[in-house]
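Everything below concerns the one structure shown next.
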Protein chains: 2
Amino acid sequence: MVRPGGRSARVQASVHAAVRELEAEVGREALTVPLVATRAGVTPSTIYRRWGDLQELLSDVAVERLRPEKAPRDRGSLRSDLEDWAEQFLEEMSAPTGRAYLRDALLGDPDGSNAGQCSAYAAEQIDVIIGRAAGRAETAPDVETVLDRVVAPMMYRILFRPEGLDTAYARELVAGLVGTTDR
Amino acid sequence: MVRPGGRSARVQASVHAAVRELEAEVGREALTVPLVATRAGVTPSTIYRRWGDLQELLSDVAVERLRPEKAPRDRGSLRSDLEDWAEQFLEEMSAPTGRAYLRDALLGDPDGSNAGQCSAYAAEQIDVIIGRAAGRAETAPDVETVLDRVVAPMMYRILFRPEGLDTAYARELVAGLVGTTDR
DNA sequence: AGCTTAAAGCGAACATGTTGCTTCAAGCGC
DNA sequence: GCGCTTGAAGCAACATGTTCGCTTTAAGCT
């Protein structure tokens, strides 16, 4: 395991920072372990031993960036909250950088734990929204249903059919789930 | 572009064959461009020039393997046909080798065309099923809806939450779409 | 048949990935 | 506090993989 403080932590932070800087400067295609190591002031072998290879390192960094920063906005109703969140999610994930992070997270991930983390992030956000709905005495679907009916279709299209995606699609999915009558 | 016949075609075929053989013999982790080249009786530079890197080559081969071999079985009703197809799809795709192909196909695919091809395969199969239902004068959802409600949730779980998947889930999704009353 | 040209072969220069051994310092017991 | 233990980082030599310019081959055309 990684030692909590001191040198190990510094190395980890500096390697992560180096990845982000270089991603912005030279693009992810041009990233290599030696390049990252040099920027981080570290030897390549340190990275190979800690992360195994470049993909796992990128996967690590990608998951960090996919972590949501703030709780979903409260717009007063289940439907509005879901629409709002889904639109934002779709926008972030379907953008070139979002897709790149997603792919990195899925890729360098032999045991699937990073991918699982992504899904868990979405589930947390949805859980907050559903909790609010319950507080308003609205009837709400459970998290699994929202994952199946809203998140999964968006992800599928982002990964497999990225053309012609827009926020209207997110609203349609939510409408199909919570009904188009109440608003 | 690749010249249709003659040497180029032979090289392509022999490289693809080499990938499949070596995948079976040494596992995909151990695959390298020089190794594949040697087995195919080709120089590494040929592979680098034609495919760019190992991932794109693997992506190519993976898509070939994800192509469905036969039309979905006809079991007499829309619901049975969908259930049958979805169960088989889920079983194939969630197995370790299926997931590996899926990941390869997604991975070495800068422009998303290989991923699009995967989705197109599924859409074709579903289209056949829906066409049959129309022939029986059954009411059927359109292809997009089946993609959203059945294929996407399965894919999402395969990629992001591979634990505890079984064919019952496929049946639930179909039931949720075509209704649980008619059978 | 001869020409044109994309694609394959070859080999050397180069970059990247791997490994054993050494050095460093965080965390722990005294 | 002070030194011990141990996991992690550094270093350097080595193996492997990648790229590139140039040459050669043969597919497709006229």
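Naming convention: chains lettered A, B, ... in sequence-line order (proteins, then strands); numbering from 1 in each chain.
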Quiz item: Say you draw a straight line from CD of A:E87 to CE of A:M154; how long is it, rounded to the nearest 0.5 Å?
Solution: 9.5 Å
Practice problem: Carefully, step by step, assess B:D109 and B:S59 under the rule side chain to side chain donor-acceptor pair (under 3.5 Å). | Solution: CA-CA 7 Å; B:D109 190 20; B:S59 181; 4.9 Å; no
Self-check item: Whichever of B:D53 and B:R49 has its nearest DNA chain D nucleotide further upstream toward 5'
Solution: B:D53
To the nearest Å, how far apart are [X] [atom1] and [N] [atom2]?
| X | N | atom1 | atom2 | value |
| --- | --- | --- | --- | --- |
| A:L31 | C:dG17 | CG | P | 11 Å |
| A:L35 | C:dG17 | CG | P | 11 Å |
| B:I47 | D:dC20 | CD1 | P | 17 Å |
| B:R10 | D:dT25 | CZ | C1' | 11 Å |
| A:L54 | D:dG17 | CG | C1' | 15 Å |
| B:L57 | D:dG17 | CG | C1' | 15 Å |

Quiz prompt | Passing option when A:V143 is tested against A:L147, A:V146, A:T145 for side chain to side chain contact (heavy atoms under 4.5 Å, CB included) | solution = A:L147
So, is [X] near the phosphate of [N], with a side-chain N or O under 4.0 Å from OP1 or OP2?
| X | N | value |
| --- | --- | --- |
| B:T32 | D:dG17 | yes |
| A:T46 | D:dG10 | yes |
| A:Y48 | C:dG17 | yes |

Quiz item: Which of the following nucleotides, D:dA12, C:dA26, D:dA27, is nearest to the side chain of A:S45?
Solution: D:dA12
Quiz item: With respect to the side chain of B:P34, which nucleotide from D:dA12, C:dG17, D:dG17 is positioned closest?
Solution: D:dG17
Exercise. Search all heavy atoms of A:A18 against all heavy atoms of A:R39 and return the closest pair with its distance.
Key: CB-CG, 3.6 Å
Exercise. Tell whether A:R50 reaches the base of D:dG10 with its side chain through a donor-acceptor pair below 3.5 angstrom.
Key: no
